[in-house]
Structure formats: C-alpha cells, structure tokens
Amino acid sequence: MKNRLAKILRDTLDLCFREGYLKKMPLPEFVIEVPNNPDHGHFATNLAMTLAGEQKNSPRNIAEIIIRHLVDNDHFILKAEIGGAGFINFFITIEQWYDLLSQVITLKDDYGRNCLGKKEKIMVEFVSANPTGPLHLGHGRGAALGDTLCRILDFSGYDVRREFYINDTGQQVKALGESIYSRWRQFSDPSYPFPSDGYQGDYIQELATEIAQKITLENLDIHDAIDLLSELGRDKMLEEIKEDLANFRVNFDFWYKESDLYSSGKIDHTIKLIEKRGLLFQKDGALWIRTSSFGDDKDRVIRKKDGNLTYFATDISYHLDKWERGFRKVINIWGADHHGYITRVKAALMAEGIPEDWLNVLLMQLVNLWEGGAEVKMSKRSGRYVTLKELVDDVGVDAARFVFLSKDHTSPLDFNIDLVKRKDSENPVYYVQYAHARICSIFRKAANENISIPEQPGSTLQGLVLDEEIALVRKMAEFPSLIEEITRELAPHRLTYYLPELAGSFHRYYNRHRIISEDKNLSQARLLLSLGVKILIKNGLSLLGLSAPEIM
RNA sequence: GCGCCUGUAGCUCAGCUGGAUAGAGCAGCGGACUUCUAAUCCGCAGGCCGCAGGUUCGAGUCCUGCCAGGCGUACCA
C-alpha cells in the first residue's frame, strides 16, 4: 500500500515539475508512515517538508500544490489533508482495505513474502557452542535469534543456510577428557586431583559413569585414556547438543568441524596464502599475522611458541572457506564478550581481498538468570548454570523462544524464570496464541451453525464498516513492510511486538462485537476478517518458530 | 587508558531511515462472564527519555563532552 502511495506521489511530482507548478529538482528522500493518531489519516508523508528548502516556499504551500495535482487514476485516495508543519495526511478509500483483506485471504501463508533477498546465498552461523558441556541459556538466546532470523530471511527471498561450527580440537577438548578421567579415578580414590581448568558440572560424572560401563579404561596408559575420553566425551556432548537444538525447533544444514580444517589441509593452505601476501613474520618464537595493516589495533599470533595454532588461525581459515563456498553474505551471531574479535577477523579477511561488509556479526548481549528474586551467576567451568534443556522442560519451547526473542539482541536479557514458568498473561506468547485459538473456536461454532466462510471474499466484505474492523485490516497492511524492515535491520524482535498488537486489536473487537449473529451476510464478513487475523497470527508465530494452537 | 554495548513510567522493555500529544506488558487501584473461550475486555493512575551543550522548521532518535552499569582489551578458548 505504501508503495502504491509512493508511486502516486512520484507521478504527482513529475507532473508538477513538467507543468511548472513546482521548480524542477531531484526527488528528495521522503517518508511515508502510518500515523499513530487516527486523525492524521491512514498514511502521512513529510514530502512537502523535504521539498521546502530547495523550493524556497513554505511546506504548507507546497503540500497545497501537491494535493491539488494528485495523480490518482485508480481512485486510491479518499481525501488528503495538510497537517502540522506541512505533513500530508492521506485517507484512502474503503475498497482498498477490502482489497487488502482479500489479498491476505488469497495468499494465506505467503502474505508478506518479498524478494529483497533475490535468491542470494546467505549463511547464518550461530550457537557454535563448544562440545564440552550442555547448552545453557545464552546458547538458547542465540539459537532462537539465529533460527528466527533464518526463517525471516527465507521469507524475504534469501537462499538461507544454517551452520554450526564445532570447536572439536584443542585445549578445551583435552580439558574435557582430563575432567572425565579425573572423575572416573575419583570413583575409587576420592583424593585424586581434579585439573584446575577442568569442568565442574555434574554431567562430567555422568559421562565418566556412562563411558566406564562400555569401555575398560583400567588397561590404558593415562595419556591414551585421556585422549580417548576427550574424543568420546566430545562426541557424546555433541550428540546431546544436536538433540537439544532439535527439540528447540532449530535444525542446522551444516555441522562444520574445526578438525576438518586440519585433515583437509585447508589450514595449511590458508597459512601459505597469507605468507604469499607477505603478511607473516616471526617474533618471540611465535608466528604472527600483520592484521594491524588492515584496521586491527595490533598484530596477532597465528602459531604459538609451543607449535600449536591459535583459534584465530582456524577461524581465518574457516571464514575463507565460507567465502569460497560462494555465500554472498554471511551473518555470525556471537556473544557480546567476543566483540574484540570482530576487527581482527575482518582484518584478516580484508587482507585476502574480501569486502569489509561481507561478514556481519550480530553481537548478542548476555543472558542473566533471575530466580527467587536474585540473580544466578552462571559459569560453565564452575558448573553453575541452567541448561537449555532444563528451561525447555520447565516452560516449554514456545514460551522460552518468545522470551529470548522479545528483546533487541543489543540489550542484556534478564530472564526471570519464575515469571516465564507462569502460564498466565505475564507471558505475551499466550496472549497471541489465545487469539488464534479463539478464532478457531469461532470457526468451529460457525461450522456447527452451518455458516460457511466464502471462498471468494468479494462483495461480502462490504459488511465491514466499523472503525475497529478497518483498523484490523490496517494492522494487517503493516505486516509486509515490517518484514522488510526486520530483514534489512536483522531485528527479529520487532515481530514479537507486532503480534501482541494485532492480537490485542482482535481481542478488543471480539469483546465489543459478535462475530456470529442472526445477520448471515454480516457474520460471513466478520468471519472473513477473523480469518485474515488468524492467517497473520499463524504466519507470524511460525516465523518465530512457535506453534499456533487451535484449542487452549 | 582505549574499544564495544546499555541508560525511556515502580519493574521489564518497544519506539521503524530525525516527524505531529513518547507507547506496551507487568505491578497498583476500580469495573465487565445467563451471549462465539475471562489465558479476555473497559477505566484510573504513573515520564527533567542519565546529565550538559550542539546541529534544524523539528531530537528519545544525529554530533561532542561528562556520569553510571555491563563486556572486552591473551602466544585463553
């Protein structure tokens, strides 16, 4: 709808320039918005104000000229008024709203789709938790954010891939093996020492018990035992992570192993590549890359004095591989504590000629858990944290996902577990789902009373005349541009604000007016309106990865 | 010290590329179920948008400085 109005305005300006009503000039950027105040029309534009300076005329005068010469062949606009300092407020004809509702009903699940993505290949890498422990709340937030972003990007016409990068080598995996080994030894000798950088969580004992039942560790030399436990523990944890994510309705297309970078020789190739560019140098017994030439504030170590590569080295190689796999755009979701890492990785990529804006990092602020009125400090090493699985078992996938998505990712999230557990109005997810269930219930009643919902809305819609009814359709009209904005800004949380608004408009309407009445035509019109709301709610919930229950 | 993020109602937070009188939920107070689901609705109350300057027709939004909180500043992962 905004697009149609924008076209009318552009045509109007063309005409005004051609006929000399206005001085010829390049078209300025202007905004068409949906005003909060109903007196300000269905749509408003600041066009006249943006022209004023160059035209050397007052905004209100210019608005006057534009309104007088509006090019509106399809009778889209009912009336146009000047408001405030020079806004033009448009009221559009009721037929336009009927058309829009028909469109929603015809397009169903496809209403709101757009082609912003142009089928471009895009990758979202998220969660990528180390396979050394169960997923916790922070991973849950990343999982919900990443997955929903993917659903929306797909809806906007991107060719989306979800990827999970597995850090399956290195010191931390070894620490996992050592921790399991130590717990296993402690079964028979409680005084056996536990490594200082070991993982404290109870799951380590469980792993030790489970593995010891299948495998005889007694005959193994300590180093072999630890190596074996590292491997088995890692695989077991990864299995659990996959399962937890699947239960959370998050399914990855690719699970990319860090160890593959070694076995395929990619990492060596990467280092040679950097060397060829003359960006490597030796210092203090380590091998460095000169990232400072590309915006980083200092150079970084690639190979440590002890001969091992740093994670930074594999990260460079990994991202070069993403580039070679042909993704036009890559989004990484990282915890906010990694922000210092961004310039570094981008610098290394720029050294290989990859544009700076190719890699988009969404920094997600951390999740703070509140329980019983106090903050619970979480830490994986100490073993004190709530796992994603526990949370989902407690409050369900829908409530958990909704809470994770309901805040901008740049804000820290206070997750109050006592509140989310309550299945009442405290959690807006139920408010939205209830509107859906309510509509389904109305449809069941309509079916019982043999009132059909017309296949072709057509003239039936003329029964919709109330302000509240048109307001509902207007709310539906906002959905496509909302999806576009979310796609551009990578801000899926905005959908969690739109849906309660739509549901609220419906709840209010429902409480004041009967959908099903003696008047059959009116009933059908209102059923169609309800159908439109139902389609949008279901659509929106599904983009968030939430269910739309028919009964509550 | 430097860098990133945050500061809006009692609490948790929205506020779309600067737009008209700053919004919602919860908490508080008062109302509405013989009628399609009360997980709902209606009403009341609640604000130096951290502080101070600047940019302009117009600033919660942009710029500068300050204050407060979180995170980072590794040959850790």
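Labels below follow one simple rule: chain letters A, B, ... track the order of the sequence lines, proteins then strands, and each chain is numbered from 1. This one's a predicted model, so the numbers in the text were calculated from it and none came from an experiment.
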**Q** Partner lookup for B/C48, please. Criteria are Watson-Crick or G-U wobble with both distances under 3.5 angstrom; report none if nothing qualifies.
**A** none

**Q** Using a 3.5 Å distance criterion without hydrogens, assess whether the side chain of A/E468 forms a donor-acceptor pair with backbone atoms of A/S505.
**A** no

**Q** Given B/C36, B/C75, B/A38, identify the nucleotide with an atom nearest to the side chain of A/S441.
**A**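 Closest nucleotide to the A/S441 side chain: B/C36.
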
**Q** Which residues pass the ring-ring contact (aromatic ring centres under 6.0 Å, His included) test with A/F30, not counting sequence neighbours?
**A**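 Testing A/F30 for ring-ring contact (aromatic ring centres under 6.0 Å, His included), a comparison that skips the adjacent residues, returns none.
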
**Q** Return the pairing partner of B/C62 with a 3.5 Å limit on both distances, Watson-Crick or G-U wobble; otherwise return none.
**A** B/G54

**Q** Should B/A68 form a Watson-Crick or G-U wobble pair with both distances under 3.5 Å, which nucleotide is its partner?
**A** B/U6

**Q** Where does B/C41 land, syn or anti, once you apply the within-90°-of-0 test for syn?
**A** anti

**Q** Could you list all N or O pairs between the protein and nucleotides 54-63 of chain B that sit under 3.5 Å apart?
**A**
none

**Q** Which residue, A/H338 or A/N36, contacts RNA chain B at a nucleotide closer to its 5' end, judged by nearest heavy atom?
**A** A/N36

**Q** Please write out the pairs of protein N or O atoms and N or O atoms of nucleotides 1-5 of chain B separated by less than 3.5 Å, giving the distance to one decimal.
**A**
from, atom 1, to, atom 2, distance (Å)
B/G3, N2, A/H339, NE2, 2.2
B/C5, O2', A/Q365, NE2, 3.3
B/C5, O2', A/T410, O, 2.7

**Q** A/R401 and A/T148: side-chain donor and acceptor closer than 3.5 Å?
**A** yes

**Q** Look through every strand shown and name the nucleotide pairing with B/U73 as Watson-Crick or G-U wobble, where both distances are under 3.5 Å.
**A** B/G1

**Q** Do the non-hydrogen side-chain atoms of A/I535 and A/F479 ever get within less than 4.5 Å of each other?
**A** no

**Q** Check every strand shown and say whether A/E489 touches a base, only sugar-phosphate, or nothing at a heavy-atom separation below 4.0 Å.
**A**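 Counting heavy atoms under 4.0 Å across all strands, the contact made by A/E489 is with sugar-phosphate only.
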
**Q** Which nucleotide in the set B/A74, B/A39, B/A14 lies at the smallest distance from any side-chain heavy atom of A/R300?
**A**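 From the listed options, B/A74 comes nearest.
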
**Q** Is A/Y431 stacked against the base of B/A39, taking the criterion as centroid distance under 5.5 angstrom and interplanar angle under 30°?
**A**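 The base of B/A39 is not stacked with A/Y431 (the test needs centres under 5.5 Å and planes under 30°).
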
**Q** Rounded to the nearest 0.5 Å, what's the gap from CG on A/N130 to CG on A/L238? Could you check?
**A**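 Taking CG in A/N130 and CG in A/L238, the distance rounds to 11.0 Å.
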
**Q** May I ask you to evaluate whether A/Y510 reaches the phosphate of B/A38, defined as a side-chain N or O under 4.0 Å from OP1 or OP2?
**A** yes

**Q** With heavy atoms under 4.0 Å as the rule, sort A/H436 into base, sugar-phosphate or nothing.
**A** nothing

**Q** Report the nucleotide, chosen from B/C16, B/C71, B/U12, that has the shortest atom-to-atom distance to any side-chain atom of A/D337.
**A** B/C71

**Q** Determine the contact category for A/F87: base if any of its heavy atoms lies under 4.0 Å from a base atom, sugar-phosphate if only primed atoms, P, OP1 or OP2 are that close, otherwise nothing.
**A**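 The answer is base, as A/F87 lies within the cut-off (heavy atoms under 4.0 Å) of a base atom.
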
**Q** Taking A/R526 for the side chain and A/R514 for the main chain, is one N or O donor matched with an acceptor at less than 3.5 Å?
**A**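 It does hold such a pair.
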
**Q** Can a side-chain donor-acceptor contact be found between A/S452 and A/Q524 if the only test is distance below 3.5 angstrom?
**A**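 A donor-acceptor contact under 3.5 Å links the two side chains.
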
**Q** Rounded to the nearest angstrom, tell me the gap between atom CZ in A/R512 and atom C1' in B/G43.
**A** 13 Å

**Q** Give A/R494 one of three labels, base, sugar-phosphate or nothing, depending on what nucleic acid heavy atoms sit under 4.0 Å from its own.
**A**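 Base contact - A/R494 has a heavy atom under 4.0 Å of at least one base atom.
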
**Q** Under 4.0 Å between any heavy atoms, over every strand shown, what does A/K445 touch: base, sugar-phosphate, or nothing? Just pick one.
**A**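 Sugar-phosphate only.
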
**Q** Would you mind classifying the nucleic acid contact of A/A286 as base, sugar-phosphate or nothing, using non-hydrogen atoms under 4.0 angstrom?
**A**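 Answer is base: heavy atoms of A/A286 come under 4.0 Å of a base.
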
**Q** Just name whichever nucleotide pairs with B/A32, Watson-Crick or G-U, keeping both distances under 3.5 Å, else none.
**A**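 Checking every strand shown, B/A32 finds its partner in B/U40, with both distances under 3.5 Å.
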
**Q** Using a cut-off of strictly less than 4.0 Å, decide whether A/K298 has a side-chain nitrogen or oxygen near OP1 or OP2 of B/U73.
**A**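 Result: no.
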
**Q** Can you tell me how far CD1 of A/I439 sits from CD1 of A/I515, rounded to the nearest 0.5 angstrom?
**A**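 That separation rounds to 8.0 Å.
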
**Q** Could you check which of B/A74, B/C16, B/A77 has an atom nearest any side-chain atom of A/Q172?
**A**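 Nucleotide nearest to A/Q172's side chain: B/A77.
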
**Q** Tell me whether A/H493 and B/A14 count as stacked here, given that the ring centres must be under 5.5 Å apart and the planes must differ by less than 30 degrees.
**A** no

**Q** Using a 4.0 Å heavy-atom cut-off across all strands, classify A/G83 as base, sugar-phosphate, or nothing.
**A** base

**Q** Quick one: the side chain of A/N37 and the base of B/U21, do they pair up donor-acceptor inside 3.5 Å?
**A**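 Checked by distance alone, the answer is yes.
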
**Q** Does a donor on one side chain and an acceptor on the other come within less than 3.5 Å for A/S517 and A/D519?
**A**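 Side-chain D/A pair, A/S517 to A/D519: absent.
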
**Q** Separation of A/D39 atom CG from B/U21 atom C1', in whole Å?
**A**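 Result: 11 Å.
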
**Q** Look at all strands and tell whether A/R508 reaches a base, only sugar-phosphate, or nothing, counting heavy atoms closer than 4.0 Å.
**A** sugar-phosphate

**Q** Give one of base, sugar-phosphate or nothing for A/E550, where a contact means two heavy atoms less than 4.0 Å apart.
**A**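 The answer is base, as A/E550 lies within the cut-off (heavy atoms under 4.0 Å) of a base atom.
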
**Q** Distance check needed: B/A77 P versus A/L176 CG, whole Å only.
**A** 15 Å

**Q** Of the nucleotides B/A77, B/C36, B/A20, which has the atom closest to the A/Q171 side chain?
**A**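 Nearest nucleotide to the side chain: B/A77.
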
**Q** Measuring from the side chain of A/M552 (C-beta onward, heavy atoms only), which nucleotide among B/C76, B/C13, B/A39 has the closest atom?
**A** B/A39

**Q** So A/A446, base contact, sugar-phosphate only, or nothing? Heavy-atom distance under 4.0 Å.
**A**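 No contact.
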
**Q** Over how many whole Å does the gap from A/L482 atom CG to B/U17 atom C1' extend?
**A**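 Nearest whole value for this atom pair: 15 Å.
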
**Q** How about A/N61 and A/S58: does a side-chain donor come under 3.5 Å of a side-chain acceptor?
**A** yes

**Q** Rounding to a whole Å, what distance do you find between A/E501:CD and B/G15:P?
**A**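 To the nearest whole Å, that distance equals 11 Å.
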
**Q** Tell me the interatomic distance from A/D408, atom CG, to B/G7, atom C1', rounded to whole angstroms.
**A**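 Computing the A/D408:CG to B/G7:C1' distance gives 14 Å.
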
**Q** With a 4.0 Å cut-off on heavy atoms, is A/I551 in touch with a base, just the backbone sugar-phosphate, or nothing at all?
**A**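 A/I551: base contact, heavy atoms under 4.0 Å.
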
**Q** In sequence, state the C-alpha distance, the side-chain angles, and the governing distance for A/E485 and A/R488, and then conclude on salt bridge (Lys or Arg N to Asp or Glu O under 4.0 Å).
**A** CA-CA 5 Å; A/E485 279 161 21; A/R488 265 194 291 270; 5.4 Å; no

**Q** Look at the side chain of A/D315 against the base of B/A77 and say whether a donor-acceptor pair falls under 3.5 Å; ignore hydrogens and angles.
**A** no

**Q** Could you tell me the separation between the CD1 atom of A/I515 and the P atom of B/C41, rounded to a whole number of Å?
**A**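 About 14 Å, once rounded to whole Å.
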
**Q** In whole angstrom, give the distance that lies between atom CG of A/N130 and atom C1' of B/C76.
**A** 11 Å

**Q** Can you tell which of B/C75, B/C36, B/C41 lies closest to the side chain of A/I442?
**A**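 Of B/C75, B/C36, B/C41, B/C36 is nearest to the side chain of A/I442.
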
**Q** Check whether any side-chain heavy atom of A/L309 lies under 4.5 Å from a side-chain heavy atom of A/Y262, and answer yes or no.
**A**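 Sidechains of A/Y262 and A/L309: in contact.
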
**Q** For the residue pair A/Q172 and A/N167, confirm or rule out a side-chain donor-acceptor distance under 3.5 Å.
**A** no

**Q** Partner lookup for B/C11, please. Criteria are Watson-Crick or G-U wobble with both distances under 3.5 angstrom; report none if nothing qualifies.
**A**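 Matched B/C11 with B/G25 under the 3.5 Å cut-off.
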
**Q** Taking any heavy-atom pair under 4.0 Å as a contact, classify A/A437: base, sugar-phosphate, or nothing.
**A** base

